[in-house]
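Notes follow once the structure below has been shown.
Since the structure is predicted, the reported quantities are computational estimates derived from the model, not experimental observations.
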Amino acid sequence: MGSINHEERVQHEGLREKIMSAEQAASFVQNGMTLGVAGFTGAGYPKFVPTAIASRAKDAHARGEKFGIGMLTGASTAHDCDGVLAEANCVNFRAPFQSDPAMRNHINAGNTHYVDMHLSHFEQQVRFGFYGDMDIALIEATGITPEGKIIPSMGIGTNNQWLKTAKKVIIEVNSRQSIMLEGMHDIPADLGEPPFRQPIPIVKPDDRIGTPYLECDLDKIIGIVMTDAPDRNSKFADPDDNSKTIASQIIEFLDHEVKKGRLPKNLLPLQSGVGNVANAVLMGLQDSPFDDLMGYTEVLQDGMLDLVLSGKMKSASATALSFSPDALQRFNDNIEFLSDKLVLRPQEFTNHPEVIRRLGIIAMNAMIEADIYGNVNSTHIMGTKMMNGIGGSGDFTRNSHFSFFVSPSTAKGGAISTIVPMVSHHDHSEHDVMFLVTEQGFADLRGKSPRQRAKLIIDNCAHPDYRPMLQDYYDRAAKASGLQTPHLLNEALSWHQRFVETGDMRINKMRIAV
């Protein structure tokens, strides 16, 4: 840390006097406090102070004292934030999204109360006091201007709201982030409160309607911590055959819709969820017949970055940049070129239903499972164990022009079918899901009744190992129950129960390691 240029990164003289160590900053955090922590999908989260808070918690526990906090973020952070705090057993409450294995384990063990919710709702609910007082905001910045304005880093998420809501503020200024990020952000004015809200004047994905800086009452800032550490920057898996097949089916469908005159030649703005399959779809667009694409998403990953760099995509809007190490290098090498092509906004705007509906987004998100009627579970394993959370998938699915859910047709080496009689947890109902895509095929559910959907999903999306079982379930349900949405209630979740008991959804399979 000795090489960090404090004067370059913290140009406000008064705030330089508040520079301190992570341990000093952590000393402000007391048992029972609620913290608003920066971070969105492994980007722009604090790197040093969480570890110092975890150390304080461990010391307190060793003395037999209580030390627990509430933790509110934009979305997921990383092990050096969520993970270290979970391992210190000091997070009593967590919302609204996470992806760290240690935090997930604590949630599923019942040690941490977790609220999973649509990301577009979260800032408003905090603003209205639904989560009580916020004691300290802990955010990351690229720098601070001479006027005291905050230059955001690779993610904005909820930072704008946290700076306004929190009683006190601690800022980690991370010199690892390029100073040339300045100007890439767009922080709009407040939305206002019902019933006097004004429209959000975003009519094109690249519209800028605010300022490049976060602002805060400087008297609330109690500490500045200088850091030099990378974001999570997880490597994406190379697209496998399943991912490539899923991508090619979506691209073929979009091409068909263009030829039918239902989409413009450059499509509509694209949203892609986080993960290897979703990233593979974007990578597949490189060789597609579409040009002058636009992106309007919450997390911009490798695939969308490369579309912008290649000229296939004119611009993209997001709330965070979450890259693999190689893609981060490409980003930094081309940041001047990208500076007017990428826009980073607060998540309350990127995920806002008004804007998503106006722009006519094409939404592509991953799922854990879908049932034969098109209901989707994107959060829970076997109905009870939280994976990550719904994130922004619901915001985009409900309000998009087209909504895709994608997944391989099986998991755990074939022991789990992605297509089941009834989902074990509902996140996205049949009313919002238009298309299901697996490596087996494509189901267009638009304008289809439940019974018509069932035939399409079983025939097109289910794996051959499970297709006869699904057809048998449906045939018997159709004979035994009402015909709008046939179900056998005593069997609807039997596949999940069989997996819990035997390690395999298939009938008469030997127990396998899970």
Checking [X] side chain against [Y] main chain: does a donor-acceptor pair fall under 3.5 Å?
X: R345; Y: T319; value: no
X: S400; Y: A363; value: no
X: Q24; Y: S21; value: yes
X: T227; Y: A229; value: no
X: N377; Y: H380; value: yes
X: D395; Y: S120; value: yes
X: D240; Y: N242; value: yes
X: D82; Y: A78; value: no
X: N233; Y: F323; value: yes

Worksheet item: In this structure, are over 12 heavy atoms from other groups packed under 6.0 Å from E17 atom CD?
Response: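 Not buried by this count: 12 neighbours or fewer within 6.0 Å.
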
Worksheet item: Quick check: are there more than 12 heavy atoms from other residues, nucleotides or ligands sitting under 6.0 Å from CD of E8?
Response: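 Correct, the count exceeds 12.
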
Item to complete: Dump the intermediate steps for side chain to side chain donor-acceptor pair (under 3.5 Å) on T34 and D135, then the final yes or no.
Response: CA-CA 5 Å; T34 295; D135 297 288; 4.5 Å; no

Hey, are [X] and [Y] close enough for a salt bridge, meaning a charged N less than 4.0 Å from a carboxylate O?
X: E23; Y: R56; value: no
X: D186; Y: R208; value: no
X: E147; Y: K149; value: no
X: K314; Y: D206; value: no
X: E354; Y: R358; value: yes

Show the nearest heavy-atom pair for residues [X] and [Y], with the distance to one decimal.
X: R16; Y: Q11; answer: NH2-O, 3.5 Å
X: Y45; Y: C81; answer: CD1-CB, 3.9 Å
X: A57; Y: C90; answer: CB-CB, 3.5 Å
X: A280; Y: S243; answer: CB-CB, 3.7 Å
X: L359; Y: P269; answer: O-CD, 3.5 Å
X: V299; Y: S322; answer: CG1-CB, 3.6 Å

Worksheet item: When the ring planes of F67 and H61 are compared, do they come out parallel, tilted or perpendicular, using 30° and 60° as the limits?
Response: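 The rings of F67 and H61 stand perpendicular, inter-plane angle above 60°.
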
Worksheet item: Hey, what's the ring geometry for F122 with W162, parallel, tilted or perpendicular (30° and 60° as the breaks)?
Response: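 Aromatic pair F122/W162 classed perpendicular.
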
Item to complete: Take S99 and R232, measure what side chain to side chain donor-acceptor pair (under 3.5 Å) needs, and give me the verdict at the end.
Response: CA-CA 12 Å; S99 65; R232 190 172 66 199; 3.3 Å; yes

Fill in: Result of checking I170, V225, V29 against L138 for side chain to side chain contact (heavy atoms under 4.5 Å, CB included)
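The passing option is I170.
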
Rounded distance (nearest 0.5 Å) linking atom [atom1] of [X] with atom [atom2] of [Y]:
X: L307; Y: S315; atom1: CG; atom2: OG; result: 12.0 Å
X: K220; Y: I171; atom1: NZ; atom2: CD1; result: 10.5 Å
X: N375; Y: H426; atom1: CG; atom2: NE2; result: 3.5 Å
X: S317; Y: F349; atom1: OG; atom2: CZ; result: 11.5 Å
X: N159; Y: S153; atom1: CG; atom2: OG; result: 7.0 Å

Worksheet item: After noting the C-alpha distance and the side-chain angles of E182 and Y213, does the key distance pass the side chain to side chain donor-acceptor pair (under 3.5 Å) rule?
Response: CA-CA 8 Å; E182 184 174 3; Y213 305 104; 2.5 Å; yes

Are any of the side-chain heavy atoms of [X] and [Y] separated by less than 4.5 Å?
X: M33; Y: F28; answer: no
X: L218; Y: H12; answer: yes
X: M387; Y: T379; answer: no
X: M367; Y: V406; answer: no
X: E172; Y: I139; answer: no
X: L35; Y: M71; answer: no
X: Q347; Y: I156; answer: no

Worksheet item: Just checking, is any N or O donor in the side chain of H428 or S378 under 3.5 Å from an acceptor N or O on the other one?
Response: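 H428 vs S378: donor-acceptor pair found between side chains.
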
Item to complete: Go through the side-chain N and O atoms of R104 and N388 and say whether any donor and acceptor fall under 3.5 Å apart.
Response: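 Short answer, yes.
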
Discussion item. Checking salt bridge (Lys or Arg N to Asp or Glu O under 4.0 Å) between K47 and each of D231, D228, D80, which is the one that passes?
Written reply: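 That would be D231.
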
Worksheet item: Can you list the steps and then say if Q161 with R127 is a side chain to side chain donor-acceptor pair (under 3.5 Å)?
Response: CA-CA 7 Å; Q161 187 60 51; R127 188 159 61 243; 2.8 Å; yes

Response to the item:
Contacts satisfying side-chain hydrogen bond (donor to acceptor under 3.5 Å, both in side chains) that involve residues 298-309 (not counting sequence neighbours) are E298-N351, D302-S324, D306-R330

Response to the item:
Between Q271 and the options T397, N365, T350, the side chain to side chain donor-acceptor pair (under 3.5 Å) test singles out N365

Worksheet item: Given T112 and R94, is the side chain to side chain contact (heavy atoms under 4.5 Å, CB included) satisfied, shown in steps?
Response: CA-CA 7 Å; T112 298; R94 182 76 173 82; 3.8 Å; yes

Item to complete: Could you check I200 against H352 for side chain to side chain contact (heavy atoms under 4.5 Å, CB included), going step by step and ending with a plain yes or no?
Response: CA-CA 9 Å; I200 299 173; H352 201 287; 3.6 Å; yes

